[in-house]
Each structure stands twice: as structure tokens, then as C-alpha cells.
4 protein chains.
Amino acid sequence: MRTNGEAAGERRGTVGGRARREQIERAAAEVLADVGYAAASVARIAQQAGVSKGVITYHFRSKDEILRRVALRLFRECADHIVAQTSAAAGPAARLRAGISAELDFFSSRRLEFRAMAEVMANHRDASFTRAFDDVAGVEAVALAELLRQGQALGQFRAFDADEVAHLIGAAKNRVLDRWASDEALDLASASATLLDFVESAVSVRSAMRISDPFDELGR
Amino acid sequence: MRTNGEAAGERRGTVGGRARREQIERAAAEVLADVGYAAASVARIAQQAGVSKGVITYHFRSKDEILRRVALRLFRECADHIVAQTSAAAGPAARLRAGISAELDFFSSRRLEFRAMAEVMANHRDASFTRAFDDVAGVEAVALAELLRQGQALGQFRAFDADEVAHLIGAAKNRVLDRWASDEALDLASASATLLDFVESAVSVRSAMRISDPFDELGR
Amino acid sequence: MRTNGEAAGERRGTVGGRARREQIERAAAEVLADVGYAAASVARIAQQAGVSKGVITYHFRSKDEILRRVALRLFRECADHIVAQTSAAAGPAARLRAGISAELDFFSSRRLEFRAMAEVMANHRDASFTRAFDDVAGVEAVALAELLRQGQALGQFRAFDADEVAHLIGAAKNRVLDRWASDEALDLASASATLLDFVESAVSVRSAMRISDPFDELGR
Amino acid sequence: MRTNGEAAGERRGTVGGRARREQIERAAAEVLADVGYAAASVARIAQQAGVSKGVITYHFRSKDEILRRVALRLFRECADHIVAQTSAAAGPAARLRAGISAELDFFSSRRLEFRAMAEVMANHRDASFTRAFDDVAGVEAVALAELLRQGQALGQFRAFDADEVAHLIGAAKNRVLDRWASDEALDLASASATLLDFVESAVSVRSAMRISDPFDELGR
DNA sequence: GATGAATGAGCCTTCATTCAT
DNA sequence: GATGAATGAAGGCTCATTCAT
């Protein structure tokens, strides 16, 4: 019998414990993807894992910890994957492309986990109802903004508010994943291509020559 | 000559009833914006409205009806506003710009309601856990895709998968609203300008002359 | 505006009021027959009557009063009918037969009301959960027992515990009504004939000669 | 390795679980007997059992399951008891007598449970307000009718509508139990004797010699 | 007379968590 | 390590009743 003060999170030392934790996290992801954040109860997670409810509170401090881990683990794995895939790319334009590709590539084999992560990121809140993952989701945009600024400095990207545009790109990219996550039939590869082309067109420097919109003169 | 047993939803008739319903819907929106979908309970809505819990089930068939109304009403008002603001615009490019502007403009005075609507749209599910608002949110993209196709036919927009790009534009636009909704300090006007510029750049026809990326040759 | 102390039951004076009360009582009977005692709520009664819930508490002191009236009115009307139909009958045996016939006859045009009455009689309780209609239902048995005793004194009926047998006859008779009430297809006339024959055989004096049961000797 | 989310009804396995279930069922029966079907709430049952409300939903899928079990268990035990006690009886007349005696005997040590069962049988309805136990209560009459027909074939019983009479006998028998259940002072043994005599007189073949009713000729 | 509105208690159920074994 | 059992708060909803208009 463990002492009351012992932290459940520390129990991940043993090999069996780690396996159990992962089994539970996987079940939690499945439930989140299936029924959504609001209906993802500990009971349902236990049922999905084929485990008693007690096991879950034995291995996790709280439901909160499970959800956080489901989201953060994937988020970090994704970040690592992107860094690895991006490091070889030379120059901001290539890195931008490589980064987006890497992310889509990363999630392409983790449809279910992506849905789970998205559910948690969008909904999880702390005790005072403040969204808990706004910050962590924000770092992605910060890194992207920095990349955009570098590209602007090098003359690869045209002039725009880099912070703002970083968010727009991130949003477009997430929508591709969201749609694919909720519609398995969607062709992720072709959607990726469209996305890359869309983003590139939006940020790249282009000739001053622009086909004028004949209607533009008419105003509105 | 109506009864409590009768459908509460039909109680819209009397002037007092309509006012109460609106008060409750407002309170529901406030709660949704404040604590999020999962924590938006009838009790909290009642408390926010300063009425007893019973009043709410008196005026609404179910909690579901309240949430649906909070979301759909704003959604429809927004759609109407966009149609009105867009009708004068001549040509797809102008209509695209006008449409986005109109939507941002519409929500600019409804920050709280927008958050509420977003919470419901993202989370509301039916009894079998299927997202309830996926369809209604989809019609927006369908209309946008049609607009894009018209622009392509007229040579205003470059070649791309119109359906896919419609979603990307929608996502970018929503992100602007999302961020502004959760951070009042954000300057919606300037963000709008950036968004419009971003979208226009992404879809407009442009010269074939493109500044080559010196790194591109190195590949990755 | 009436004073608070005024009894709602007194409001039955006016002609309109009486009509309303009867309309509500009829609706209550319909609901009772339809959904049973436990689910017969004021809301459902109001809905059935096509009237607002408020009307009901305006005309009746409480739900309790409605139910009591639904049951008692029919009970009394039935008793009156029986008395009228029985008065002509000469002698206990004839009166027994006439009484049973009269009761079945009385309810034969009040199927729904009978179900309602039965629901209330079987379930209605006072504040301390004591069945409220045990007494009133008992008077029927008392009267029947008296009749049986008279018949015994006259040698028409054989010897038996008259009080006890009164209950048995009453139960058999009620079962006929119960079954017919819940199964419209049942032929009440033929069931009545069987019932009368059954009861008569049970109570009538008969010859001492009885066909011996050949198995009886084997005993058990 | 079971879960709270799993079907609670299957939790019968463990010895402690079974004991709790029985404790709760007993408490439910006590409450039903005490306050009647309509007022038998989960809260009251929990209070009677001396446990928290949650325990009840932990051990039972729903309130419905508890009530059904309370009724059906006793019903089946009773049926088994009757079969056992009746098997030795030779011939329909003896079996009829033995069956009635067995049932009264069975319930004589289960006064409270009988009341509970009667409450549930009379009131329990499904979601569409159809009485849930009409069928199961009907099988008793079917078996009795068959017995009566056998007796008629053997010449032990006189001619009558066996199906109808089976219901009449059942009703009479239940009334004895009902009265005894609500009035402990009632002498069940003597009531039983009267019942058996009553039934036997009603169904047995008797001599054609019948004391004529002098009043009958007068008609009515 | 009549009614829409409101109330607060109570309904059954699900919840996250605790704890003895 | 693991789990069945238990808890009490909270969930959405229905209830009989009260009351201002």
C-alpha cells in the first residue's frame, strides 16, 4: 500500500506501469476521438481500455493529467518530427514547405491521435476555466513567425505582418488535418499539395505585374 | 390557452416570453464564452441569467435547444449580413473581399456571441456523438468554393482546387476571429487587412515571373 | 382577485366553473387510463384538457382533489345505479345477481372512467402513504356481506364466512372489469354470464351428493 | 478486470456484490410495500438500505432493473414452489387445491415482498406507458385454465368457460393475499380455507338437484 | 375567470475521486 | 499493483404549486 502523499505520476518507473499508462493513454485518445471532449469520461476510458476505473486513478493523478498527456505527448512528438525533417532544408522558403509537409506527414499515420489532441487543445481548461493549451499552441505560431521574418529579410517572402500571417498559415494547415481527421475518405496527399501551393502563393514575392481586376475600377 | 406540457419552443408568442428567451440565450452565450462548452451547465446559465433553473426548462424544450439556438441564430444573422453586404460587389474578387470584410465586420460587435457560437459549433454532438453542426458549417465553404470557381472562369483567380482552397480561406478567416475573441487587445482592423491581403495574394493570378529561391536548387 | 383564504372547491357554484371542472376531471380520467397513476401529472392533464396548468389549480385545491373526485364521483354514480337496479329484486339471490349485473352494466359504457377509477383506488395515498381508498372500497364488501348473510338466513346460500366471501366475489367481479378495461376485444356480456354462473355456483346451496374425486383417496 | 462503465447488472459475480444487490432489493421491497409504487424513489430506497444513492446505480443498471428484479424474482420463486408442491397431487381437483394452497403458503412468510411485487406488477410500465407485467401475470391464468380443462374432461369440474374462470379464481386468490398483505391481523389460514371452499364449490360438479329460489319465479 | 410565468424540491443518472482489501 | 466498492456533487429534467396580471 502506497502512502497517500506519493505522487501517482512517479509510478511510471516500472516497466509494467509504463505499459499500463500507455494503454490508458491510447484508450483515452480513442474515446476522445470517438465521443468528443465533453463526453470523454473516466468510465468510458476505462471501458475502452478494458480496465477497471480504479486502475486509472492509480496510474494517473487525475483525469486532467491523462488528457494533458494525450495532447502534449503527440504535440511534442510532432514538434520533434518537424525539427528533424526541417533541419536539412536550406532557407526559409524550403523550411516553410518542409515544415508543413513534415507535420502533415507526421499525423498521416496518427489520424485518431490527432483528433484526440485537437479535442483536448480546443477544450481543456484549468480550474478557473482558462483554456489550458493556448500557450503551447501559440509557440508553434511564434516559431513560424520567426521563419517568415527570416524569409522576408532574405527577400524570399513579400512584406506582411509575420506574426499574423503565421497564425493564418497555421490555421489553414490545421484545417486540412481537421477535415481529413473527420473524413477518412479525404485524400490527404492532394490536400497537402493544394495547401502548400496556397501558402506559397500567399507569402512569396511576386512580380509587380498583377492582372488588374476589371471590376475593381467600378468599385462597390 | 396553452399548457406547460406543450412544446416549450412554441412559447415564443408573448412579448414577455420572447424577452425571457432572449435573456436566457444571452446568458447562455455568456456562460459558453466564459467557461467553455463542457462546463456550460443549465445551472450556470440560470445563475448567469439571475433566474431559477426551472425557468430555463420552462422556456426551452431542452438544453440542446438553447445551444442550437445560440449557435444558429448568430450563424444566420451573419449569413444575412454577408449576403446584404456582398450583393453590391461586382465580380468574384470584389465579392470575396467584401464577403470576408462583411463577416469580420459583423462579428466585430459580437465578440462574446462569436465565442459562444464557436464553442457550440465545435463541440455540440447528437445522441450518437456525431458532431451536430458539421453540415451547417460546411455550406459556407460550398458557397465560397462556387465563388472561387467563378473567379477562375473569369481569369481573376489562378488555378487551384476551389473546394479545398475555400476551406483554407475559411480557416484563416476563422482564426482571425478566434484570436480576437480570446484576446480583446488584438486589433481586429489590422488583422483583417492582413487577412485580406493574405487571401488575395494566395488566389490572385500573378505574373509567371517569380523570384527564384536560390536555396531551391540545393534541394533537401 | 380572490382572497387567498378562499377555498378553490367552493368555486364550483357558477355554471361555467362547473363545466370547467368537469372538463378537467374528464381529462384527468383520460390521462389516468392512458399513462397510469404514477405518470398522471397535472401538466399532462392540462394538456389533455387543452387548458393551461394554471386553470387546474384555479379550479381545484390540489391535484389530490382532482384524483379523489375522479374516483369518488364514478364510485358514487355506480353505487346509485346499483341501488336503483337492485331495489326491484326480491330476495338475496336475485339481489346478488342483479347487483353484479348492474355494476357490469354501469361500467360497460364507461370503460375509460373505470380504468381511471381503478388506477386511483389502487394507488392513491395520503401524506403518510396510507392508501386513501381502502375504506371506501371496503364498504362495498360490507354491503355484499350483509346480503350474503341474509341469503344464508333464508337458506338460499350455503354456509360460509360471509365477510370473506364478499371480498372473493368482489375480486372476481373486478377482475372481469379489469380485463375488459385493458382489452377492448373482450366480450363483456359473455364474461358477465360466466361470472354470474361462477358466483352462483359458489354460494348456492346444493345437494349433499357430490361426485367423489377418484384421486382424492390417493391423497397427498 | 471490469469497469464502472460496464453493465452493472453483470456485477453479480463477487460475493460482496451479490450481498449488496440483495440488500438493495430488500430495501426496495420494503419501500414499495411502505409508500407504494409512485413514491418509491431511488433516494428512499438508498435511505432504507442505509447506503448512498450512488451505490444503487453502481449495482443496478437502472431503477427499472431493481423493480423488475424485485417482482420477477418473487414471482419465479413462487412458481417454482407451486410446481414442487403440486407435482405430487393426483388429478385436477387435487392439483387445483394444492396449487392454491401452495401459493398462499409460499407468500405467508413473505408478506412484505408480496406487497412489493403487487405494487410493481400493477404499476410498472415501459417507456410508452404499456403495463410491463401483464404478460407474465397472464401465464398463471393460462396454466390454471389448462388445469380446469383437464378437470372438465375427467368430469371432476362442471362445464364453464375455463379461460374466464381461471381469471376469476386467480382474482379471488389474489384478493385474499392482498387483504392479508395490508392487514396483518387477518387470519390467513382461515381465509385460505374459505377461499378453497369457495373455489371448489364454484367449479365442482354438483347434483342437478338444486334448491329452487322461491323469489326467482317472481322475476324482476 | 384565466393564464403565463416562476419556483424550488425532487426525480434518475453520471461523474471524478477515494479507499479498503 | 490492482480493483471493486462507495461517495457525494452535479448533471438535465419534471413536478405540484404559487402568484401577478
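These figures come from a predicted structure and were not determined experimentally.
Between Y58(B) and the phosphate of dA5(E), there is a side-chain N or O to OP1/OP2 separation shorter than 4.0 Å. The side chain of H59(D) places no N or O atom within less than 4.0 Å of a non-bridging phosphate oxygen (OP1 or OP2) of dG4(F). Applying the 4.0 Å criterion to OP1 and OP2 of dT17(F), one finds that R61(C) has every side-chain N and O outside that range. Proximity of S41(D) to the phosphate of dC11(E): a side-chain N or O atom is located under 4.0 Å from OP1 or OP2. OP1 or OP2 of dG10(E) has not a single side-chain nitrogen or oxygen of R44(D) nearer than 4.0 Å. Remark: T57(D) is not in phosphate contact with dT14(E), judged by side-chain N or O atoms under 4.0 Å from OP1 or OP2.
Rounded to an integer number of Å, the gap from F60(C) CZ to dT3(E) P is 14 Å. For the pair Q23(D) CD and dA5(F) P, the interatomic distance rounds to 13 Å; values are reported in whole Å. Atom CD1 in I45(D) sits about 10 Å away from atom P in dT13(E), given to the nearest Å. Computed from coordinates, the K53(A) NZ to dA16(E) C1' distance equals 7 Å when rounded to whole Å. Remark: P of dC11(E) and CG of L67(D) are 14 Å apart, rounded to the nearest angstrom.
Here V42(B) lies in heavy-atom contact (under 4.0 Å) with sugar-phosphate atoms only.
Where I56(A) and G54(C) meet DNA chain F, the nucleotide closest to each residue was compared, and I56(A) sits on the side nearer the 5' end.
In this view, E30(A) satisfies the salt bridge (charged side-chain N to carboxylate O under 4.0 Å, His left out) rule with no residue, not counting sequence neighbours. The ring-ring contact (aromatic ring centres under 6.0 Å, His included) test applied to F75(A) returns no partner, not counting sequence neighbours.
When base pairs are accepted only as Watson-Crick or G-U wobble with both N-N or N-O distances under 3.5 Å, DNA chain E takes part in stems of 3 or more pairs at E:2-21 with F:2-21.
A salt bridge (Lys or Arg N to Asp or Glu O under 4.0 Å) with E25(D) is found for one member of R73(D), R68(D), R20(D) and no other, namely R73(D).
H124(C) approaches Y37(C) most closely through the heavy-atom pair ND1-OH, 2.6 Å. V120(B) approaches L67(B) most closely through the heavy-atom pair CG1-O, 3.8 Å. Counting all heavy atoms, side chain and backbone alike, D126(C) lies closest to A132(C) at N-CB, 4.4 Å.
Considering only the side chain of A43(C), dC15(F) comes nearest among dC15(F), dT7(F), dT3(E).
If you check distances only, the side chain of K63(C) never reaches the base of dT17(F) with a donor-acceptor pair under 3.5 Å.
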